[in-house]
*Asks:* 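I have a structure here, written as structure tokens, and I will follow up with some questions on it.
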2 protein chains.
Amino acid sequence: MKKVKKDKEGECEVLCINERKVASARKTMKSDATLFKLAEVFKVLGDPTRMKIVSALLQEELCVCDLTALIGASQSAVSHQLRVLRNMGLVKYRKDGRIAYYSLDDDHISSILTAGLKHVEE
Amino acid sequence: MKKVKKDKEGECEVLCINERKVASARKTMKSDATLFKLAEVFKVLGDPTRMKIVSALLQEELCVCDLTALIGASQSAVSHQLRVLRNMGLVKYRKDGRIAYYSLDDDHISSILTAGLKHVEE
DNA sequence: CCAATACATGAATACTTGATCATATATTAG
DNA sequence: CTAATATATGATCAAGTATTCATGTATTGG
């Protein structure tokens with residue numbers, strides 16, 4: 001159901017498409033792969049539990065037990081979501097005995113949240 | 001299954017929880033409502049189709065038809081996702097006859113993407 | 001060594017959600 | 001008015017996902 005029509009010469013005659021604007025946008029847009037990765041990062045931040053975890057880690061590293069107490073979820077749920085955050089490279093952790101201390105992986109994450117907050121807080 | 005124990009005086013004796021760090025984090029963390037809204041915004045940006053739409057609109061307004069051509073999705077899918085973006089206040093639109101021109105709702109959105117890109121592009 | 005603690009993880013389930021299909025509305029050309 | 005165009009939207013459905021439950025691994029105190 002493409003919005004195009006074949007004319008007598010076999011060429012495409014577009015309808016309402018503004019070719020110039022479309023070409024211009026296509027030129028400056030990031031690659032599909034980059035946009036996909038970007039969407040993945042935002043998707044990971046787009047869950048309340050994970051958002052709470054990340055924002056709790058903004059100041060200092062915390063262990064799983066601290067995080068569980070802080071955000072009001074089960075230890076299992078926190079652990080599962082920490083793995084998601086780890087896999088996306090948003091948090092890292094170090095082990096000290098049987099305690100795992102989690103922290104944010106890089107400084108960009110703080111600025112992502114800050115930028116988002118500006119939109120949320122009007 | 002709370003990680004707490006009642007002791008003889010009826011008080012809570014925590015296990016590995018670092019009370020000081022937890023209290024400190026709790027103080028500076030945004031409210032649950034704010035974090036929830038923040039997660040919602042990121043969730044909306046966390047879909048490849050919507051991410052493509054938003055990034056296509058970074059430079060100038062585009063009509064639905066342009067967007068459909070640009071991002072390679074059906075008109076219906078684009079329309080549905082535009083509504084999600086509208087409801088979240090990420091895009092706005094104006095009608096000119098039967099054509100709807102969409103644009104980003106505020107400038108923060110660009111900075112959110114920029115911050116995210118810094119993480120994605122290492 | 002043994003029990004308790006801290007955390008991780010597989011399975012099952014309920015819930016969410018993005019795409020498609022069909023159709024509706026609105027505008028304009030003829 | 002009528003047909004075509006541009007967009008919106010409800011319903012359906014398949015795929016994804018967050019939580020819970022049960023259990024596993026690793027570390028440490030006694």
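All chains are named by letter (A, B, ...) in the order of the sequence lines, taking the proteins before the strands, and each is independently numbered beginning at 1.
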*Asks:* Holding to side chain to side chain contact (heavy atoms under 4.5 Å, CB included), I want the full list of residues that pass it with Asp107(A), two or more places apart in sequence or in another chain.
*Replies:*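 With sequence neighbours excluded, Asp107(A) shows a side chain to side chain contact (heavy atoms under 4.5 Å, CB included) to no residue whatsoever.
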*Asks:* Verify, without hydrogens or angle tests, whether Lys95(B) (side chain) and Tyr101(B) (backbone) share a donor-acceptor contact under 3.5 angstrom.
*Replies:*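 Such a contact is absent between Lys95(B) side chain and Tyr101(B) backbone.
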*Asks:* Among Leu67(B), Thr68(B), Asp66(B), find the one that has a side chain to side chain contact (heavy atoms under 4.5 Å, CB included) with Val22(A).
*Replies:*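 With Val22(A) as partner, Leu67(B), Thr68(B), Asp66(B) yield a single side chain to side chain contact (heavy atoms under 4.5 Å, CB included), made by Asp66(B).
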*Asks:* Using 0.5 Å steps for rounding, measure from the CE atom of Met51(A) to the CG atom of Leu38(B).
*Replies:* 4.0 Å
*Asks:* Taking distance alone, no hydrogens or angles, what donor-acceptor pairs closer than 3.5 Å link side-chain atoms of residues 82-90 of chain B to residues at least two apart or in another chain?
*Replies:*
from: Arg86(B); atom 1: NE; to: Tyr102(B); atom 2: OH; distance (Å): 3.4
from: Asn87(B); atom 1: ND2; to: Arg83(B); atom 2: O; distance (Å): 3.4

*Asks:* If you look at every heavy atom in Tyr93(B) and Ala100(B), which pair is closest and at what distance?
*Replies:* CD1-CB, 3.9 Å
*Asks:* Got a list of side-chain donor-acceptor pairs under 3.5 Å for residues 112-120 of chain A, not counting sequence neighbours?
*Replies:*
from: Thr114(A); atom 1: OG1; to: Ser110(A); atom 2: O; distance (Å): 2.9
from: His119(A); atom 1: ND1; to: Asp106(B); atom 2: OD2; distance (Å): 2.7

*Asks:* Find the distance Leu82(B):CG to dA8(D):P and express it as a whole number of Å.
*Replies:*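 After rounding, the gap between these two atoms is 7 Å.
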*Asks:* Can you tell me if the side-chain N/O atoms of Tyr93(B) get under 4.0 Å from OP1 or OP2 in dA6(D)?
*Replies:*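 For dA6(D), OP1/OP2 do not have a side-chain N/O of Tyr93(B) under 4.0 Å.
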*Asks:* What is the distance, to the nearest angstrom, from the CG atom on Asn87(A) to the P atom on dA18(D)?
*Replies:* 13 Å
*Asks:* Quick one: label Ala77(A) by what it contacts on the DNA or RNA (base, sugar-phosphate, nothing), any heavy atom closer than 4.0 Å.
*Replies:* base
*Asks:* Quickly work out the Leu85(A) CG to dT9(C) P distance and round it to whole Å.
*Replies:* 14 Å
*Asks:* Using a distance-only criterion (donor-acceptor N/O pair, under 3.5 Å, no hydrogens), is the base of dC21(D) paired with the side chain of Ser76(A)?
*Replies:* yes
*Asks:* Counting only side-chain heavy atoms from C-beta out, which of dT9(D), dA19(C), dA8(C) sits nearest to Ser79(B)?
*Replies:*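 Within the option list, the nearest is dT9(D).
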*Asks:* Using only side-chain N and O atoms of Tyr102(A), determine if any of them is under 4.0 Å from OP1 or OP2 of dA8(C).
*Replies:*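 Looking at the OP1 and OP2 atoms of dA8(C), one of them is under 4.0 Å from a side-chain N or O of Tyr102(A).
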*Asks:* What's the CG-C1' distance between Leu62(B) and dT7(D), to the nearest Å?
*Replies:* 15 Å
*Asks:* Is the distance from OP1 or OP2 of dG10(D) to the nearest side-chain N or O of Arg83(B) less than 4.0 Å?
*Replies:*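 True: Arg83(B) side-chain N/O within range (under 4.0 Å) of dG10(D) OP1/OP2.
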*Asks:* Please answer whether dT9(D) and His80(B) are stacked, defined here as ring centres separated by less than 5.5 Å and planes angled under 30°.
*Replies:*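 Stack criterion met.
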*Asks:* Summarise how protein sits on nucleotides 25-30 of chain C as a single string, 5' to 3': B when a protein heavy atom is under 4.0 Å from the base, S for sugar-phosphate-only contact, - for no contact.
*Replies:* --BS--
*Asks:* Does a nitrogen or oxygen in the side chain of Gln81(B) sit under 4.0 Å from OP1 or OP2 of dA19(C)?
*Replies:* yes
*Asks:* Within less than 4.0 Å of OP1 or OP2 of dT19(D), is there a side-chain N or O belonging to Ser74(A)?
*Replies:*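 Looking at the OP1 and OP2 atoms of dT19(D), neither is under 4.0 Å from any side-chain N or O of Ser74(A).
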*Asks:* Listed in order of residue number, which residues of residues 32-51 of chain B have a non-hydrogen atom at under 4.0 Å from DNA chain C?
*Replies:* Lys43(B), Asp47(B), Thr49(B), Arg50(B)
*Asks:* Round to a whole Å and report the spacing from CD1 of Ile53(B) to C1' of dA8(D).
*Replies:*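 Taking CD1 of Ile53(B) and C1' of dA8(D), I get 14 Å after rounding.
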*Asks:* Between the base of dA8(C) and the side chain of Gln75(A), is there any donor-acceptor pair under 3.5 Å?
*Replies:* yes
*Asks:* If you take all heavy atoms of Arg26(A) and Leu70(B), which pair is closest and at what distance?
*Replies:*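 Taking every non-hydrogen atom into account, NH1-O, 3.8 Å.
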*Asks:* Can you list the residues that meet the side chain to side chain donor-acceptor pair (under 3.5 Å) rule with Gln59(B), with sequence neighbours excluded?
*Replies:* Thr28(A)
*Asks:* Looking at Lys21(A), I want to see if its NZ is surrounded by more than 12 non-hydrogen atoms of other residues, nucleotides or ligands under 6.0 Å.
*Replies:*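 Above 12, so yes.
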